[in-house]
Amino acid sequence: MKKQLTANEIRYRTYFPELTEKNFNPMNDVLFKFIFGRPERKLITIDFLNAIAAEDLGHPITDIVFTPTENVPNNYDEKLTRLDVACTLDTGEQVDIEVQIVNQKNMQRRTMCYWARLYLLSLPPGGAYQDLKPCITVNLLRFNLLPQEEAHSMWSIYNAETGDRLNKDLVFHFLEIPKYTKSPKKRIRDMTKMERWLAYFANQLSDDEKGELIMSDEAIHKAVDAARTFLQNDAERLAYINRELAILDYNSDHRDAFEEGQARGRKEGEAKGRKEGEAKGRKEGEAKGRKEGEAKGREEGQAIANERWGILMQRLLGEQRYDDANKAATDADFRAKLFKEYGIQ
């Protein structure tokens, strides 16, 4: 009898192809925890961590012990932290592996918060500062975050002037998958161990390249086998699908909110622009009106003055008062006296 699909499975098929071990998303955090967070598959996690952190550690990682991923707060008002995968290395370092699909604009501080709590919890009750264990966080991101072009970057505490390192107690590794996908393409056999893991998480290889990657790397082969086991379990498969749909809804909601914000911004901008334009128009109109009014006033005033002057000259010359006419041309007070004498308004 054919298995009845759930509503979410039907919805999932609307947006994604039928789910198989060939097209699964390796960065789905439900699947990631299944593959990288189980003791029975710790060799996969060890291989991945060696590719990322062994060079800076100065030694290979030979064993790990998984630790609880939910750190219960000491006080009721403290924030609960829930890690994706947490473990302790055979040499004592604490490791937190985080997978982030969507950029919530808080990753730098979030990873510092997780590191700080992990570091504090490494101090046993009554212990000395010397008992604190170095803590390493590995952040696997499906978005660009940091300024450098390389897909992998390591961060620690250094002297800004000399470059001297304070210690190895704080180490952040960032793997930005979009930067890897834009880097020059390599053949599988020419890839480093880290590049093979990046290729696995980027999940953009052809079927032939995927086959070559699986056959050339034992740990990645085991990871793909684990994914096949995962997808054959109905409950695990449904959890994966629900997570993919949640990511889809998150991105859709934020895209809708962004577009709505853009539309609102344009509308408000247009309204503000009209208002400012009207105000500027009125202001410019008033200024132009004043200017034109002043010019017209000056013209009318000059016309009246010319008319009064013509009448005065006509009177003075008619009465042969030539000296007074010459004096009136240069003496404003005398001219005003003559206007008053003849009653010229």
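Everything numeric here is computed off the predicted structure, so don't read it as measured data. These values consider heavy atoms only, across backbone and side chains, with no hydrogens, waters or symmetry-generated copies.
For the pair E236 and R38, the salt-bridge criterion is met [side-chain N within less than 4.0 Å of a carboxylate O]. A salt bridge links K186 with E195: the closest approach of a Lys/Arg side-chain nitrogen to an acidic carboxylate oxygen falls below 4.0 angstrom. Ion pairing between a basic and an acidic side chain is recognised when a charged N comes within 4.0 Å of a carboxylate O; K222 and D225 show no such pairing.
The minimum heavy-atom distance linking N144 with N103 is given by the pair O-ND2, 4.3 Å. Nearest heavy-atom pair, P60 versus A54, reported as atom, atom and distance to 0.1 Å: CA-CB, 4.3 Å. Closest approach of H59 to T91, counting heavy atoms only: CE1-OG1, 3.1 Å. Shown here for N25 and Y240, the closest heavy-atom pair between the two residues is N-OH, 2.7 Å. Nearest heavy-atom pair, L141 versus P178, reported as atom, atom and distance to 0.1 Å: O-CD, 3.8 Å. Heavy atoms only, all atoms of each residue included: P26 and N203 are closest at CD-ND2, 3.7 Å.
Using a distance-only test at 3.5 Å, with no hydrogens or angles considered, no donor-acceptor pair links the side chain of T111 to the main chain of Q108. For the pair R110 (side chain) and K105 (backbone), a donor-acceptor distance under 3.5 Å is absent. E98 contributes a side-chain N or O that, together with a main-chain N or O of D84, makes up a donor-acceptor pair within less than 3.5 Å. The backbone N or O of E212 lies less than 3.5 Å from a partner atom in the side chain of S216, making a donor-acceptor pair. No side-chain donor-acceptor contact under 3.5 Å links R117 to the backbone of M112. With W115 contributing its side chain and T137 its backbone, the two residues share no donor-acceptor pair below 3.5 Å. Remark: the backbone N or O of S206 is paired with a side-chain donor or acceptor of E209 at under 3.5 angstrom. Checked by atom type and distance alone, the side chain of N28 never pairs as donor or acceptor with a backbone atom of R243 at under 3.5 Å.
Side-chain contact between L213 and H221: absent, with no pair of heavy atoms (C-beta onward) separated by less than 4.5 Å. With a 4.5 Å cut-off on side-chain heavy atoms, T88 and F66 do not count as touching. The shortest distance between side-chain heavy atoms of V95 and L89 falls below 4.5 Å. Using a 4.5 Å heavy-atom cutoff, the side chains of L175 and Y180 are not in contact. When side chains are defined from C-beta on, W155 counts as touching L146, because their heavy atoms get closer than 4.5 Å. Looking at F24 and L19, their side chains come closer than 4.5 Å, going by heavy atoms from C-beta outward. Residues N50 and K193 are not in side-chain contact: their nearest non-hydrogen atoms beyond the backbone lie 4.5 Å or more apart. Inter-residue side-chain proximity for F34 and N233 is flagged as unmet; no heavy-atom pair is nearer than 4.5 Å.
The aromatic rings of F172 and F174 lie perpendicular to each other, with more than 60° between the two planes, well past the 30° mark.
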How far apart are the C-alpha atoms of L205 and I188, what are their side-chain angles, what is the distance that settles it, and do they pass the side-chain contact (heavy atoms from CB on, under 4.5 Å) test?
CA-CA 10 Å; L205 299 174; I188 302 297; 4.1 Å; yes
Evaluation steps, side chain to side chain donor-acceptor pair (under 3.5 Å), between D90 and T62
CA-CA 7 Å; D90 54 305; T62 59; 2.7 Å; yes
Using ring-ring contact (aromatic ring centres under 6.0 Å, His included), reason through F201 and F48 one step at a time and then give a plain yes or no.
CA-CA 11 Å; F201 287 114; F48 172 66; 5.6 Å; yes
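Taken together through direct or relayed side-chain contacts under 4.5 Å among Ile, Leu, Val, Met, Phe, Trp and Tyr, M107 and V171 form parts of separate hydrophobic clusters. I241 and L231 end up in the same hydrophobic cluster when Ile, Leu, Val, Met, Phe, Trp and Tyr side chains are linked at under 4.5 Å. Hydrophobic clustering, with ILVMFWY side chains joined whenever heavy atoms are under 4.5 angstrom apart, groups Y129 together with L166. Under the 4.5 Å side-chain heavy-atom criterion for Ile, Leu, Val, Met, Phe, Trp and Tyr, F32 and F143 are members of distinct hydrophobic clusters. Put simply, I52 and M154 are part of the same group of oily side chains (I, L, V, M, F, W, Y) that touch within less than 4.5 Å, one to the next.
Using modelled atom types, one finds no donor on one side chain facing an acceptor on the other under 3.5 Å when comparing Q100 with N139. Counting only N and O atoms by type, the side chains of D217 and W197 include no donor and acceptor under 3.5 Å apart.
For the atom pair CD1 (I136) and CG (L49), the distance works out to 8.0 Å, reported to the nearest 0.5 Å. Remark: M191 CE to L198 CG distance equals 9.0 Å, nearest 0.5 Å. Separating the CD1 atom in I61 from the SG atom in C87 is a distance of 7.5 Å, to the nearest 0.5 Å. To the nearest 0.5 Å, atom CD1 of residue I157 and atom CG of residue D164 are 13.5 Å apart. To the nearest 0.5 Å, the span separating OG1 on T69 from CD1 on I97 amounts to 12.0 Å. Separating the CD1 atom in I44 from the CD1 atom in I35 is a distance of 6.5 Å, to the nearest 0.5 Å.
For the salt bridge (Lys or Arg N to Asp or Glu O under 4.0 Å) condition, no pair includes a residue of residues 124-144, sequence neighbours left out. Identified under the side chain to side chain donor-acceptor pair (under 3.5 Å) test for residues 165-174, with sequence neighbours left out: D56-R165, Y119-D169, H152-H173, S156-R165.
Around atom CD of E149, no more than 12 heavy atoms belonging to other residues, nucleotides or ligands sit under 6.0 Å away.
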